[in-house]
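First the proteins, then the strands, lettered A, B, ... as listed; each starts at 1.
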There are 2 protein chains.
Amino acid sequence: MARYGPEHKGATRRRMIETAGRRFKSDGIDGSGIATLVADAGLTNGAFYGHFASKDDLVAAVVTQQLEDQVARVDALPAGLASVETFLREYLSPAHRDDLAGGCPSAALLDEIGRRDDATKHAYTDGARSMIDAIARHLDDGDAQLARERAIGLFTLVVGALQAARAITDATLSDGILAATYTNAMTIAAASQRSAAPSDQESR
Amino acid sequence: MARYGPEHKGATRRRMIETAGRRFKSDGIDGSGIATLVADAGLTNGAFYGHFASKDDLVAAVVTQQLEDQVARVDALPAGLASVETFLREYLSPAHRDDLAGGCPSAALLDEIGRRDDATKHAYTDGARSMIDAIARHLDDGDAQLARERAIGLFTLVVGALQAARAITDATLSDGILAATYTNAMTIAAASQRSAAPSDQESR
DNA sequence: ACTGTACGATTATGATCGTAATGCTATAGT
DNA sequence: ACTATAGCATTACGATCATAATCGTACAGT
């Protein structure tokens, strides 16, 4: 007795998560109101709470989706260091820097995610773990622990660098950060043998 | 004919910038309202626009101040790689991760700064440049260009890592990221000789 | 063809947003 | 001692916030 076919509601929900992802990444989470978010999906205010319990609920769903998409892209890369290099070139390109809405969710939202509720941070935790594993698979040359360490390094390095490149108005400096980050990323990715980290670092 | 001595207004302004810095870093810029910001400084709404032309004006002043403070702290470190290690241990400590308000402004605000007006981004640009230079001075072993590249790497790496550690709820993974980042930072800081970055990266 | 209902539109809530006009008052200069 | 004013408080503006109740309507099952 429904007004639409059995797929409509799910499709609308997916569309909202998709458009909200773009809006969050370009305007921030706090900076995006419900009215704007639903309008982006071609709806109005009233449609929202039929799909999500709250804005926080949407945020958590968006974070999950965004990270899953990105992990899938990394997983789809052919094995080997060469494809990592290709990925990094694209990630660290001026085009990516200038594309907020379509870009990396971590670069666009990471510090804001750290301030949100536990459901959102938990969604991010799961996504980040998958991402680290996915990157590590491309770096593993026998030492899984080392590959994981490098993967964490690559991930955090490029996220921080992209954020910095976006916050810096001077084109030369911004471009320079992207270029330098490529070199630094390769240093981490290819670090053959390294001394272990000091183990006495307190871990509350 | 003034109600207060000639120092009062400047002192109040400085206090507002200081308390607003803490508030921004813990609640975000978008997440901090004028009423809260002035209340933190022991004042009420009406006092605000006597000191700042707008919220954006305050934000730019806060960014400048926060970065200057941090640069001063780096400059105050004794020369040599050892003091860089000490700084990194503190930066990558769980204590710093858990101290939003008193911590690194870049880790707390960088992606939000990228979305703000040009005055704020310009303030950040100046601060970041000074920070890169300050770090590079500690890494310079003859090759200034290489030192600068490494400095960019250290900076963006630890900022990204601290953000990630804060967004991740799992204590083991969060601590692991901090620990891995120390190792990765040392890899970048000590990378002796490296191949140059590819020069064909487009630079729009 | 009829009807029940699911989906989304409309409208409203109270809170909070950034900004600003106005009011008060304690003191510094005369 | 008097007064002008600097610094802040009070109050208010319209806009927008997240959330929600109500309403309309197009289609699915009968």
**Student:** For B/T12 and D/dC8, is the shortest distance between a side-chain N/O and OP1 or OP2 below 4.0 Å?
**Tutor:** yes
**Student:** Identify the pairs formed between an N or O of the protein and an N or O of nucleotides 12-19 of chain D at a distance under 3.5 Å, and give each distance.
**Tutor:**
unit_1 : atom_1 : unit_2 : atom_2 : d
D/dA18 : OP1    : A/S32  : O      : 3.4
D/dA18 : OP1    : A/K55  : NZ     : 2.7
D/dA18 : OP2    : A/I34  : N      : 2.7
D/dT19 : OP2    : A/Y49  : OH     : 2.8
D/dT19 : OP2    : A/K55  : N      : 2.9
D/dT19 : O5'    : A/Y49  : OH     : 3.0
D/dT19 : O4     : A/N45  : ND2    : 3.3

**Student:** Can you name the residues that form a salt bridge (Lys or Arg N to Asp or Glu O under 4.0 Å) with B/R137, not counting sequence neighbours?
**Tutor:** B/D75
**Student:** With sequence neighbours excluded, give me every salt bridge (charged side-chain N to carboxylate O under 4.0 Å, His left out) pair touching residues 27-47 of chain A.
**Tutor:** A/R23-A/D27, A/R23-A/D40, A/D30-A/R116
**Student:** Measure CZ/B/R23 against C1'/C/dG18 and give the value in whole Å, please.
**Tutor:** 17 Å
**Student:** Check salt bridge (Lys or Arg N to Asp or Glu O under 4.0 Å) between A/D133 and all other residues, then give those that pass, not counting sequence neighbours.
**Tutor:** A/R148
**Student:** Sort and list the pairs that fulfil salt bridge (charged side-chain N to carboxylate O under 4.0 Å, His left out) and have at least one residue in residues 77-87 of chain A, not counting sequence neighbours.
**Tutor:** none
**Student:** Just list the side-chain donor-acceptor pairs under 3.5 Å for residues 45-55 of chain B, sequence neighbours left out, or say none.
**Tutor:**
unit_1 : atom_1 : unit_2 : atom_2 : d
B/S54  : OG     : B/D56  : N      : 3.4
B/S54  : OG     : B/D57  : N      : 3.1
B/K55  : NZ     : B/I29  : O      : 2.9
B/K55  : NZ     : B/S32  : O      : 2.8

**Student:** Within residues 110-123 of chain A, find the residues that approach DNA chain D with a heavy atom at under 4.0 Å, and present them sorted by residue number.
**Tutor:** none
**Student:** Are the charged groups of B/R97 and B/D175 less than 4.0 angstrom apart, N to O?
**Tutor:** yes
**Student:** Strictly below 4.0 Å: does A/H51 bring a side-chain N or O up to OP1 or OP2 of C/dC7?
**Tutor:** no
**Student:** For residues 153-165 of chain A, dump all side-chain donor-acceptor pairs below 3.5 Å to protein atoms at least two apart in sequence or in another chain.
**Tutor:**
unit_1 : atom_1 : unit_2 : atom_2 : d
A/T156 : OG1    : A/I152 : O      : 3.0
A/T156 : OG1    : A/G153 : O      : 3.4
A/Q163 : OE1    : B/Q163 : NE2    : 2.8
A/Q163 : NE2    : A/S106 : O      : 3.4
A/Q163 : NE2    : A/A107 : O      : 3.2
A/Q163 : NE2    : B/Q163 : OE1    : 2.9

**Student:** Please identify each residue that fulfils ring pair (Phe, Tyr, Trp, His ring centres under 6.0 Å) with A/H96, with sequence neighbours left out.
**Tutor:** A/Y91
